[in-house]
Amino acid sequence: MANTHHNLIILGGGPAGLTAGLYAARARMDHLLIEKGAEGGQILLTDWIDNYPGFPDGISGFELAEKILAQAKRFDLNSMFANVTSIELSETVKRLELDNGDSLSCDCLIICTGARPRPLGVPGEKELTGKGVSYCATCDAPFYRNMHVAVVGGGNTAIQEAAHLTKFADKVTVIHRRDELRATKILQEKAFANPKIDFIWNTTVTEIIGTDGVEKLQLLNRDQTTSELSVDGIFVLIGVLPNNDMLPLDVLKADEGGFIPTDQETRTVVPGVMAAGDIRSKEVRQVINAAGEGATAVLAAEQYLTNLS
Amino acid sequence: MASDKVKDVSDADFESIISSDTPCLVDFWAPWCGPCKAIGPVVEALADEYDGKVSIVKMNVDDNPATPGKFGIRAIPTLILFKSGEKVDQVTGAVGKAQLIELIEKAL
Ligand SMILES: Cc1cc2nc3c(=O)[nH]c(=O)nc-3n(C[C@H](O)[C@H](O)[C@H](O)COP(=O)(O)OP(=O)(O)OC[C@H]3O[C@@H](n4cnc5c(N)ncnc54)[C@H](O)[C@@H]3O)c2cc1C
């Protein structure tokens, strides 16, 4: 088995982790990046990224992930596929347990485990996941050719993915609990001008109904009136939950939502442990921030390692 | 790695593959699906671990519309487990290894 101790371990291979990997590899640090799925993280869930600088026509999430990875590999990124199941931070040397029973250790850890789509938490949702309930428009939109789908949410992701869905579906109904969208203006303008998109305001979904697939939604308006909406599918795009199962949350003083607070240099309360990207306690969760924080975290790590020796 | 262990199946040979005596896990995927790529390494590892006990195959839903339609697939990745030609159970999404093992064990 390869070396089990490294100066730096980067946990997670989304935009934050890959950028940290790029910086660490380029700085010739003794590093290891651990990813449990595929490199790219949540950007693999979106079809098009229009707001990452350097790509004047935008770029697909998949391609962006491949490009960042290729860039890091050019500097000999050291990475492995594994699922980290627990982390021990009580000593100066940090320990990580993997799902295959192996354990690894490091002097410095950068947590980049990101986030995952938040479920609605209503009856029918679990049972019908994959049978009409979806959290990934890019993955599943092509199955809804000429059908009617609902999108729940009012943020950037919901509105952008609603527009993507109109390439396949006949009709896309956006259901939002407020009377205005949070999405950025340009996305709103496009959505309002799209004849295939309509809106149901001030409304939440209280139940998803269907036997072999989604048939209809039970809706509740803010004025307490209820109604039903017949749809073939529902895309739940209402924000994210942190991937924090493997983290000692009390030690890291996680916030109420389970995200990890840090200072400006991405240092957590535990010396030698940084957090970067969507797992950080913060307001803006975008690729550009995640990448920026990944870079900052490596610089903080270098400083920590220098002081340690 | 042993990605050749996860053979591609098509609408044409699907029936013969799932009705063999060996239980069969079919990974429905498409090239444009990021999470399908995410689950790839796990599926490959399982193909190694269950070599000889369960045949693990994949089907591109873009090239093969009939089978996904027949099983009402509306999301990918979807993995369906078959035993003697009958569907045992399925999971959807980029689930973890433990969940896939739990699925596979239902046919053993
Ligand atoms: C549908 C959708 C559309 C979006 N569109 C845009 C957009 O247009 N523009 C934009 O700027 N942002 C967009 N975002 C947000 C953007 O994707 C995120 O801000 C960004 O991906 C965060 O990067 P990250 O590296 O912090 O985390 P993530 O991308 O979540 O990556 C975390 C990685 O860590 C891995 N991991 C987690 N736990 C473990 C573990 N225990 N062991 C090993 N590995 C682990 C995960 O598998 C994952 O690969 C979108 C998000 C979604 C869901």
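All values below come from the heavy atoms of this structure, side chains included, with hydrogens, waters and symmetry mates left out.
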Look at the rings of B:Phe28 and B:Phe14 and say which category their plane angle falls in: under 30° parallel, 30 to 60° tilted, over 60° perpendicular. tilted
Whatever's closer than 4.5 Å to a heavy atom in chain A on B:Val91 counts as neither
Please identify, among B:Val61, B:Asp62, B:Thr92, B:Ile76, the residue contributing the most non-hydrogen atom pairs under 4.5 Å to chain A. B:Ile76
Option in B:Gly72, B:Pro77, B:Gly34 with maximal non-hydrogen atom pairs under 4.5 Å from chain A: B:Gly34
Top of B:Gly69, B:Pro35, B:Cys33 for chain A proximity - count of heavy-atom pairs under 4.5 angstrom: B:Pro35
Quick check for you: among A:Ala38, A:Ala141, A:Gly41, which has the greatest number of heavy-atom pairs under 4.5 Å with chain B? A:Ala38
Gap separating the OG atom of A:Ser79 from the NE2 atom of A:His31, nearest 0.5 angstrom: 7.5 Å
Per-residue contact mode, A:Tyr135 against chain B (heavy atom under 4.5 angstrom): neither
For B:Asn64 and B:Val9 the tightest heavy-atom approach is ND2-O, 3.7 Å
Salt bridge check: are B:Glu15 and B:Lys70 linked by an N-O gap of less than 4.0 Å? yes
Is A:Thr138 in contact with chain B via its backbone, its side chain, both, or neither, using a 4.5 Å heavy-atom distance? both
Residue part contacting chain B, namely of A:Glu66, when any heavy atom lies under 4.5 Å: side chain
How far does CG of A:Asp50 sit from CZ of A:Phe55, to the nearest 0.5 angstrom? 12.0 Å
Check the pair B:Glu102, B:Lys97 against salt bridge (Lys or Arg N to Asp or Glu O under 4.0 Å), reporting the backbone distance first and the verdict last. CA-CA 9 Å; B:Glu102 198 180 307; B:Lys97 191 171 178 182; over 6 Å; no
